[in-house]
Participant: 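Handing you this structure, nothing more for now.
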Amino acid sequence: MNLSDITKLTAKSKKRVGQGHGSGRGKTSGRGTKGQKARNKVAIYFEGGALPLTKRLPFLRGKGRNKSLQEKPYAINVGLLNVFSKEAEVTVESLAKHGLVELEEAKQKGVKILGDGDLSVALTVKLPASKGAIEKIKNAGGTVSVES
């Protein structure tokens with residue numbers, strides 16, 4: 001006799017349906033005997049009468065309550081302004097036209113030019129800019145009309 005000759009015995013016995021003794025789930029229906037869980041449903045968050053987790057956690061109190069309602073402006077680095085042609089005006093509309101910001105959000109939040117990167121084009125910037133950005137724009141031969 002070889003292991004390969006043995007017939008497979010994979011057929012499971014038929015499941016008994018019903019609530020009687022023969023089903024294996026008679027009388028207490030698999031809930032054990034007595035107790036709260038045997039009689040009705042218990043909420044998943046119930047902890048046996050102990051102080052619930054949600055009440056044990058500390059309150060938020062002042063954390064995050066006094067956030068500024070004013071949103072920070074979009075930050076555009078000087079290096080991204082090289083897409084403009086020589087002597088071009090840099091405004092919110094022109095930035096949106098070149099795909100650097102979304103027009104509606106930029107008008108709502110505002111835009112500020114920051115000094116990261118190198119500028120090789122002389123531009124007229126009509127937006128708030130950082131000190132470093134103003135210096136780089138002026139070194140490239142451009143001007144800044146709104147400083148902040």
Side-chain angles (χ1 to χ4, degrees), residues 1-85 88-121 123 125-137 140 142 144-148:
M1 176 186 251
N2 292 330
L3 285 174
S4 58
D5 295 338
I6 300 171
T7 56
K8 292 185 178 180
L9 302 170
T10 55
K12 291 183 180 177
S13 56
K14 188 178 175 186
K15 187 175 183 179
R16 293 288 296 263
V17 182
Q19 296 172 350
H21 290 296
S23 70
R25 290 192 174 259
K27 193 181 171 196
T28 54
S29 305
R31 287 175 174 263
T33 57
K34 301 184 184 177
Q36 188 179 21
K37 284 184 169 180
R39 297 190 171 104
N40 52 16
K41 291 198 173 178
V42 184
I44 199 163
Y45 52 84
F46 183 67
E47 299 184 34
L51 193 67
L53 177 68
T54 52
K55 287 193 174 184
R56 276 184 275 151
L57 294 173
F59 295 138
L60 282 175
R61 296 196 169 93
K63 189 176 188 307
R65 288 278 183 108
N66 302 317
K67 283 184 181 173
S68 174
L69 296 175
Q70 185 179 7
E71 293 182 9
K72 290 185 177 181
Y74 274 115
I76 301 291
N77 285 314
V78 170
L80 296 173
L81 299 180
N82 286 316
V83 296
F84 287 92
S85 59
E89 254 185 29
V90 179
T91 60
V92 174
E93 288 79 14
S94 64
L95 287 171
K97 185 179 170 188
H98 282 84
L100 296 173
V101 293
E102 288 186 31
L103 185 61
E104 292 302 315
E105 286 185 43
K107 280 184 175 180
Q108 189 179 18
K109 289 182 174 183
V111 177
K112 186 169 183 176
I113 309 298
L114 301 180
D116 193 31
D118 294 317
L119 186 64
S120 57
V121 185
L123 301 171
V125 178
K126 294 189 172 181
L127 292 169
S130 67
K131 289 179 185 176
I134 293 168
E135 192 178 305
K136 287 185 180 183
I137 292 165
V144 180
S145 58
V146 181
E147 297 179 11
S148 114

Participant: What pair of heavy atoms forms the shortest contact from Ser130 to Gly115, and how long is it?
Facilitator: OG-N, 3.5 Å
Participant: Would you call Asp116 and Val78 a side-chain contact if the rule is heavy atoms closer than 4.5 Å?
Facilitator: no
Participant: Hey, is NZ on Lys109 packed in by over 12 heavy atoms from elsewhere, all under 6.0 Å?
Facilitator: yes
Participant: Rounded to the nearest 0.5 Å, what's the gap from OH on Tyr74 to CD on Gln108? Could you check?
Facilitator: 9.0 Å
Participant: Is a side-chain donor or acceptor of Ser29 paired with a backbone partner of Gly26 at a separation under 3.5 angstrom?
Facilitator: no
Participant: So how far is it from Lys131 NZ to Lys136 NZ, rounded to the nearest 0.5 Å?
Facilitator: 15.5 Å
Participant: Roughly how far, to the nearest 0.5 Å, is the CG atom of Leu81 from the CD1 atom of Ile137?
Facilitator: 6.5 Å
Participant: Any side-chain heavy-atom pair from Phe84 and His98 closer than 4.5 angstrom?
Facilitator: yes
Participant: CD/Glu47 to CZ/Arg56 distance, rounded to the nearest 0.5 angstrom?
Facilitator: 4.5 Å
Participant: Short question: side chain of Asp118, backbone of Gly79 - any donor-acceptor pair under 3.5 Å?
Facilitator: no
Participant: Is the closest side-chain heavy-atom distance between Pro73 and Val111 below 4.5 Å?
Facilitator: no
Participant: Side chains of Leu95 and Val90, heavy atoms from C-beta outward: is any pair under 4.5 Å?
Facilitator: yes
Participant: Side-chain contact test, heavy atoms from C-beta onward, threshold under 4.5 Å: evaluate it for Val83 versus Leu100 and give yes or no.
Facilitator: yes
Participant: Heavy atoms, side chains only, cut-off 4.5 Å: are Arg31 and Arg39 in contact?
Facilitator: no
Participant: Out of curiosity, Leu123 CG to Ser85 OG, how far, rounded to the nearest 0.5 Å?
Facilitator: 8.0 Å
Participant: List the steps, then state whether side-chain contact (heavy atoms from CB on, under 4.5 Å) holds for Arg25 with Gln19.
Facilitator: CA-CA 6 Å; Arg25 290 192 174 259; Gln19 296 172 350; over 6 Å; no
Participant: What's the shortest heavy-atom distance between Ala133 and Leu114, and which atoms?
Facilitator: CB-C, 3.6 Å
Participant: If every non-hydrogen atom of Ser94 is compared with every non-hydrogen atom of Thr91, which pair is closest and at what distance?
Facilitator: OG-N, 2.7 Å
Participant: What distance separates Leu127 CG from Lys112 NZ, expressed to the nearest 0.5 Å?
Facilitator: 11.5 Å
